[in-house]
Structure formats: structure tokens, C-alpha cells
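Below is one structure, written out as C-alpha cells, with a few remarks after it.
The analysis underlying the following values was restricted to heavy atoms, covering all of them including side chains, and did not include hydrogens, waters or symmetry mates.
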Amino acid sequence: MWLGSIGVFLARRRGWRNQVWEADLVRAPVLVDVGGTIRRPWVTWFVDCAANTVMGVAVTPGCPSRESVLAALRAVALREELFGPLGGLPEKVRVDRGKDFLSRTVAAAFGALVVGVVDLPAYTPHLKGTVEGLKPGGGVDASGLVAGVGAPAAPGGRRRARPKDAVLLGFEDFTARLLDWVEWWDTVHQPGLLGGKSRASGLGGGSDSGEGGLPG
């Protein structure tokens, strides 16, 4: 939200890599074929607030759970080709009272990794605006995330009529395309705040250090 020529409402000072992450569960705005059943997949992801970098992601055909949170957290720690060059652990992560993020199992994992959890008040999406901006209707053009992945879902989750001959993308293909988009977002896209650099290069590539290319 802009306040004329003054600045951005509730803007936080940008920190360094792995200082603060935000976590969220997102229901994809598309319909896909899951073993013959039409569903809207769910995405669980962690985003680094320093440069809006997607650090870890898990995709599920049904409702997310503590297992999907742990899978996304595991993806952060791995750097094989499937997961990309970025990784590390945050000093703290912001969540919004989601029961899966606050479950005993996930809390134990964060505790073992010495990651602080900031449990935000309910209905305050502006307090984790970085990850909220990646949602459809947020700061990112959702068409870039879901381009070519089948029929879009109706706003508000309502059922939308689709052509009888429409062929929906399968869940596995949707997941592959989503991961391709995440790789593009992190390693190819060059946001203005990084002065023509990708997020990966602006954050110092695979280094876990807080001495990345962003100002503190």
C-alpha cells in the first residue's frame, strides 16, 4: 500500500540472508488431475525475506499437513539438482497460527535446528507480507506460476464449468512446472531491488553466510 510520495505502509527494513523467513500454505488457483480426480493442489513453502527467495517448497494433492511442512523444511537443507543451490536455516521464521506449523512435531524440528518461531496474531497477513505477496492476487503475477497448467479455478473456490474436451495437467506435471517456476524465480528473474542480479547471485549463491549481496 502506497502513501502518496511518502513510502510504503508497514515496510520492514531489509535484512540479510537467513535472518528471517516467512512460511505459508497456498491453495493453487488451478485444477489438475490427481489419479482421475479433479483437485486444486496445495503448496507449502518457506520464503527468505531478504530478497523474496523461495527457499523450500512441498506440493500435495490434498490438504497440507505437518508432513508437508517437514518436507518443505527438508528441501531447504538439500542442494541436489532437484532442490537448487540455495539453502540454509533462518534465525527465525514467521507463521500465522497455522496448526500444522505449530504442531508438536514441527515445533520439535524447529527446536532441534535452533530456529525461532514467531507466531503472528490471526488475520494479520500484512505482518508476513513477503510470502503473502507470492500468492495469486499478491505482488507476483500468478499467471507466471500457473501458465499452461490446466483450467483455472473459479474465484473463491467456486466450481467453474470447463469444456468437456478439456485435458487437465496431471499432478506430477503440475509439480514439475511449479518447481521450474521456483527455480526461475530464484535463479533467473532479476528484480529491481537487486540491480539486475538474480536472487541467487544477489544472495551470494550457495553460501550460508549473512554477508550476502543485499544491504543489511
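Distance CZ/R74 to CD/E67: 14.0 Å, rounded to 0.5 Å. In this structure, CG on D48 lies 9.5 Å from CD on E22, to the nearest 0.5 angstrom. Atom CG of D33 and atom CG of D173 lie 10.0 Å apart (nearest 0.5 Å). Separation of atoms CZ (R66) and OG1 (T44) is listed at 14.0 Å; rounding is to 0.5 Å. Between the CG atom in D180 and the OG1 atom in T175 there is a gap of 11.0 Å [rounded to 0.5 Å]. One finds the CD atom of E91 at 13.0 Å from the CZ atom of R17 (value rounded to the nearest 0.5 Å).
Ring geometry for W185 against W181 counts as parallel: the plane angle stays under 30°, on a 0 to 90° scale with 60° as the upper cut.
Looking at V118 and K128, their side chains never come closer than 4.5 Å, going by heavy atoms from C-beta outward. When side chains are defined from C-beta on, V117 does not count as touching F101, because their heavy atoms never get closer than 4.5 Å. Between W21 and V76 there is a side-chain heavy-atom pair separated by less than 4.5 Å. Side-chain contact between W42 and S68 is absent, with no heavy atoms from C-beta onward closer than 4.5 Å. C49 places none of its side-chain heavy atoms less than 4.5 Å from the side chain of Q19. Between V106 and D100 there is no side-chain heavy-atom pair separated by less than 4.5 Å. Proximity of F46 to V69: side-chain heavy atoms (C-beta onward) are separated by under 4.5 Å at one or more points. Using a 4.5 Å heavy-atom cutoff, the side chains of F171 and V59 are in contact.
Criterion: ILVMFWY side-chain heavy atoms under 4.5 Å apart, direct or through other members. Under it, V182 and V188 are part of a common hydrophobic cluster. Hydrophobic clustering of Ile, Leu, Val, Met, Phe, Trp and Tyr side chains at less than 4.5 Å, counting indirect connections, unites V26 with V54. Residues V20 and F110 do not share a hydrophobic cluster, defined by chaining ILVMFWY side chains whose heavy atoms lie under 4.5 Å apart.
Of the options L73, V47, N18, a side chain to side chain contact (heavy atoms under 4.5 Å, CB included) to M55 is made by N18 and by none of the others. Here the options are T124, L120, D119, the test is side chain to side chain contact (heavy atoms under 4.5 Å, CB included), and the partner is R97; only D119 passes.
Between P90 and V115, the closest heavy-atom pair is O-CG2, 3.6 Å. Scanning all heavy atoms of the two residues, the minimum distance from A75 to G56 falls at CB-CA, 4.4 Å.
For the pair R40 (side chain) and A28 (backbone), a donor-acceptor distance under 3.5 Å is present. Formation of a donor-acceptor pair under 3.5 Å by the E132 side chain with backbone atoms of P125 is not found in this model. Remark: side-chain polar atoms of T60 are paired, donor with acceptor, to backbone N or O of G62 under 3.5 angstrom.
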